[in-house]
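Take a look at the structure set out below.
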Amino acid sequence: MDTDVTETEMFSTQTTNGTPGGGADRAPRAIVVMGVAGSGKTTVAALLAGRLGASFAEGDDFHSPANVAKMAAGRPLDDDDRWPWLRGIRDWFAKELSEGRSAVVPCSALRRGYRELLETAGDVRFVHLTGSHDLLRARIQGRAGHFMKPEMLDSQLAALEPLQDDEAGFAVDITPRPDQIVDDILRLLDRPDAPPAAGSDPEPTTVPTTESEDR
Ligand SMILES: Nc1ncnc2c1ncn2[C@@H]1O[C@H](COP(=O)(O)OP(=O)(O)OP(=O)(O)O)[C@@H](O)[C@H]1O
Ligand SMILES: O=C(O)[C@H](O)[C@@H](O)[C@H](O)[C@H](O)CO
């Protein structure tokens, strides 16, 4: 597993500080709101962080200027572009958790290997925002002033490895209003049969390794 931590503070990030423990009487956790461009990650993650009293950082702010320029030029990122970006997010999560705060970041986390790197921060959960190609395209087209253009959607979907049953998290549909999506997420995050995160206490031995109704 990659352990390079040198890029953490390279780029300025928009962050808000949460309260210790994420505002709830529980151990702090990191939540990645994942999915392809236009799935609503930033919208949902910011709302979710507010509802949890958790810290928030915009995942795109961890990209290097070169990455942003590449995407704005319509060229998909490759693994070499993404590893430093992911390490920056992982390191920010680790810092928040070590200081006792829950944290939420919108981050595409398209491939399982990317998620495995993020999980090295500790107790990390994934919320995969899923929707149809038509809806995703319409959401990107309806958004002004963003470097990610609709033409990039196909490459994002081609790279996507959907969240699997044995990963710590669940998928939610992006059709409802953002506040309704967040209601669903809050309900699913705390249900008793959720698979444990890689960095969490392994004590709950009755937790099943698969789940079915949310994919
Ligand atoms: N549930 C929703 N219902 C209606 N519109 C939404 C919903 N979620 C997000 N949007 C709108 O869709 C657009 C894309 O959302 P957002 O920027 O949050 O997506 P994203 O996944 O963070 O995108 P990117 O990865 O490209 O940064 C925005 O204009 C946002 O206001
Ligand atoms: O993994 C990637 O290809 C990129 O990082 C993108 O997903 C962006 O971060 C974001 O979604 C931009 O809108």
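One-based numbering along the sequence shown. Note that the coordinates shown come from a computational prediction; the quantities given were computed from them, not determined experimentally. When a ligand or atom number is given, it counts from 1 through the structure's own listing order.
Proximity to V36 (heavy-atom distance under 4.0 Å) selects the following atoms of ligand 1: 21 (O). Near I181, meaning under 4.0 Å from one of its heavy atoms, ligand 1 places the atoms 1 (N). Close contacts of ligand 1 with D60, meaning ligand atoms under 4.0 Å from a residue heavy atom, involve 27 (O). Close approach to I174 involves these atoms of ligand 1, each under 4.0 Å from a residue heavy atom: 1 (N).
Heavy-atom distances between A45 and ligand 1 stay at or above 4.0 Å for every pair. Contact annotation: G38 has at least one heavy atom less than 4.0 Å from an atom of ligand 1. Using 4.0 Å as the threshold, G35 has no heavy atom nearer than that to any atom of ligand 1. At least one heavy atom of H146 sits closer than 4.0 Å to an atom of ligand 1. Heavy-atom separations between V44 and ligand 1 are all 4.0 Å or longer. In this structure, S39 has a heavy atom closer than 4.0 Å to ligand 1.
V68 belongs to a hydrophobic cluster whose remaining members, ordered by chain and number, are M71, L77, F147, M148, M152; membership requires side-chain heavy atoms of ILVMFWY residues under 4.5 Å apart, directly or through intermediates.
The protein heavy-atom contact nearest to atom 10 (N) of ligand 1 is R139 CD, 3.7 Å. Distance from atom 19 (O) of ligand 1 to its nearest protein heavy atom, with residue and atom name: G40 N, 3.1 Å. Here the protein heavy atom with the shortest distance to atom 29 (O) of ligand 1 is R143 CB, 3.7 Å. Among protein heavy atoms, the minimum distance from atom 1 (N) of ligand 1 is reached at P176 O, 2.9 Å.
Of the candidates T43, V33, V182, it is T43 that places a heavy atom closest to atom 16 (P) of ligand 1. Among K41, M71, E58, the residue whose heavy atom lies closest to atom 20 (P) of ligand 1 is K41.
Put simply, the side chain of T130 does not reach to within 4.5 Å of the side chain of I174, judged on heavy atoms.
The existence of a salt bridge linking D134 and R137 is excluded, since no basic side-chain nitrogen approaches an acidic carboxylate oxygen closer than 4.0 Å.
Remark: the D173 side chain and the T175 side chain contain an N/O donor-acceptor pair separated by less than 3.5 Å.
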Find all protein N or O atoms under 3.5 angstrom from an N or O atom of ligand 2 and list the pairs with distances, or write 'none'.
from: ligand 2; atom 1: 1 (O); to: R82; atom 2: NE; distance (Å): 2.9
from: ligand 2; atom 1: 1 (O); to: S108; atom 2: OG; distance (Å): 2.8
from: ligand 2; atom 1: 3 (O); to: R82; atom 2: NE; distance (Å): 3.4
from: ligand 2; atom 1: 3 (O); to: R82; atom 2: NH2; distance (Å): 2.8
from: ligand 2; atom 1: 3 (O); to: Q156; atom 2: NE2; distance (Å): 2.7
from: ligand 2; atom 1: 5 (O); to: H63; atom 2: NE2; distance (Å): 2.9
from: ligand 2; atom 1: 7 (O); to: S108; atom 2: OG; distance (Å): 3.0
from: ligand 2; atom 1: 7 (O); to: Q156; atom 2: OE1; distance (Å): 3.3
from: ligand 2; atom 1: 7 (O); to: Q156; atom 2: NE2; distance (Å): 3.4
from: ligand 2; atom 1: 9 (O); to: D60; atom 2: OD1; distance (Å): 2.7
from: ligand 2; atom 1: 9 (O); to: H63; atom 2: NE2; distance (Å): 3.0

